[in-house]
Amino acid sequence: MTSANALPPGLHGTAAAAGIDLAGRTALVTGAGSGIGRACALALAGAGAHVHVVDVDAAAAASVAASTGGRAHVVDLAQAAPVGELPAEVDILVNNAGLQHVAPLTDFPPDRFELLQRVMVHAPFLLLRRILPYMYARGWGRVVNISSVHGLRASAYKAGYVTAKHALEGLSKVTAVEGAPHGVTSNCVNPGYVRTPLVERQIAAQAAAHGLDADRVVSEVMLGRSAVKRLIEPEEVAAVVLWLCGPHTGHLTGSSLPLDGGWTAT
């Protein structure tokens, strides 16, 4: 990518943690081995939180845990039993893990559709059932669900992903309503296309399919509906997640925060 896609000045590493003190707090981040999840784990740890790093990739989880001073948990979130063994004593839950499958509705494999719902809806539901009692008892908690612009808008050929993200939005709102009397907030962060391994693979696939170079795939295909013509960096998403865990967001709950370069404004 060209330099136009670089991280904006002033948003580098743990600098996003300025003014937010999470010392004594414990966070659990799913899909934390790479991309947005990794950036969230680093940002939360940089603000002083102890981070449980959850990922299906053992090496990636171990690497992030080593970088954050946290603890790695190798878990396939599509399976209910291992989810039930994750820590319950958590102050901050970041439901980030996700996957994609692209196909027309008429050809969408039912098993893939079900897999996306298990990872992106059922696992967050199970984690909330497990963790919310601890948050309620402490009188404080932050649930941040990494949704997507596709939790607010639809795109063709992404039935599984769009359905899962819309369901996550509903789950987040119910959590907000039920958690409010207990000092627990729940919000969604809704990025457009973020520079993650998943998106980099999509860029390569689209470049091959359309006969375009990578920069044109980003600007013409992926960012066609975005006013800001660059990919979002994982650290930018993590900065919003961290801000939602700060001292001035107690009344912000049940919301969806588009981080989409103006996609939903059009």
Can Ile146 be reached from Met120 by stepping across I, L, V, M, F, W or Y side chains whose heavy atoms are under 4.5 Å apart? no
Glu169 meets the side-chain hydrogen bond (donor to acceptor under 3.5 Å, both in side chains) criterion, sequence neighbours left out, with Ser147, Asn190, Ser256
Keeping the roles fixed (side chain from Arg25, backbone from Ile92), state whether a donor-acceptor pair exists under 3.5 Å. no
A side-chain contact here means heavy atoms from C-beta on lying under 4.5 Å apart; do Leu77 and Val56 qualify?
no
Contacts of Ala65 meeting side chain to side chain contact (heavy atoms under 4.5 Å, CB included) (sequence neighbours excluded), chain-then-number -> Val53, Ala72
Contact check, side chains of Arg112 and Leu99, non-hydrogen atoms, under 4.5 Å
yes
### Query
Hey, does the side chain of Ser63 reach the backbone of Ala59 with a donor-acceptor pair shorter than 3.5 angstrom?
no
Counting N and O atoms only, with roles assigned by atom type, does the side chain of Asn96 sit under 3.5 Å from a partner on the main chain of Ile36, one being a donor and the other an acceptor?
no
Original post:
Below 4.5 Å, heavy atoms only, C-beta onward: do Val75 and Thr30 meet side chain to side chain?
Top reply: no
Value for CG (Leu132) from CE (Met135), rounded to nearest 0.5 Å, stands at 6.0 Å
Separation between CG (Leu168) and OG (Ser148), nearest 0.5 Å, reads 10.0 Å
Are Leu44 and Val94 packed together at the side-chain level, in the sense that at least one heavy-atom pair is separated by less than 4.5 angstrom? yes
Report yes or no: does Lys229 contribute a side-chain atom to a donor-acceptor pair with the main-chain N or O of Gly261 at less than 3.5 Å?
no
ask   = Within a strict 4.5 Å, meaning less than it, do heavy atoms of the Asp55 and Val64 side chains meet?
value = no
Taking Thr68 for its side chain and Ala45 for its backbone only, find out whether a donor-acceptor pair lies under 3.5 Å.
no
Practice problem: Report yes or no: does Arg130 contribute a side-chain atom to a donor-acceptor pair with the main-chain N or O of Leu86 at less than 3.5 Å? | Solution: yes
**OP:** Inspect the surroundings of CZ in Arg38 and state if more than 12 heavy atoms from other residues, nucleotides or ligands are less than 6.0 Å away.
**Re:** no
**Asked** Do Thr253 side-chain atoms and Ser186 backbone N/O form a donor-acceptor pair below 3.5 Å?
**Response** yes
The reported gap from CG in Leu116 to NE2 in His101 (rounded to nearest 0.5 angstrom) is 8.5 Å
request  = Using modelled atom types only, decide if a donor and an acceptor are shared between the side chain of Gln117 and the backbone of Gly160 within a distance under 3.5 Å.
outcome  = yes
Check the orientation of His50 and His52. Use parallel for under 30°, tilted for 30 to 60°, and perpendicular for over 60°. perpendicular
| Ser155 and Arg225: side-chain donor and acceptor closer than 3.5 Å? | yes
**Message:** Using 30° and 60° as the class boundaries, would you call the ring planes of His150 and Tyr193 parallel, tilted or perpendicular?
**Reply:** perpendicular
Sorted by chain and number, sequence neighbours left out, side-chain hydrogen bond (donor to acceptor under 3.5 Å, both in side chains) with Arg138 holds for Asp91, Tyr134
Taking C-beta and beyond as the side chain, do Leu231 and Ile203 meet within less than 4.5 Å on heavy atoms?
yes
Exercise. Is the CD atom of Glu220 crowded by more than 12 outside heavy atoms at less than 6.0 Å?
Worked result: yes
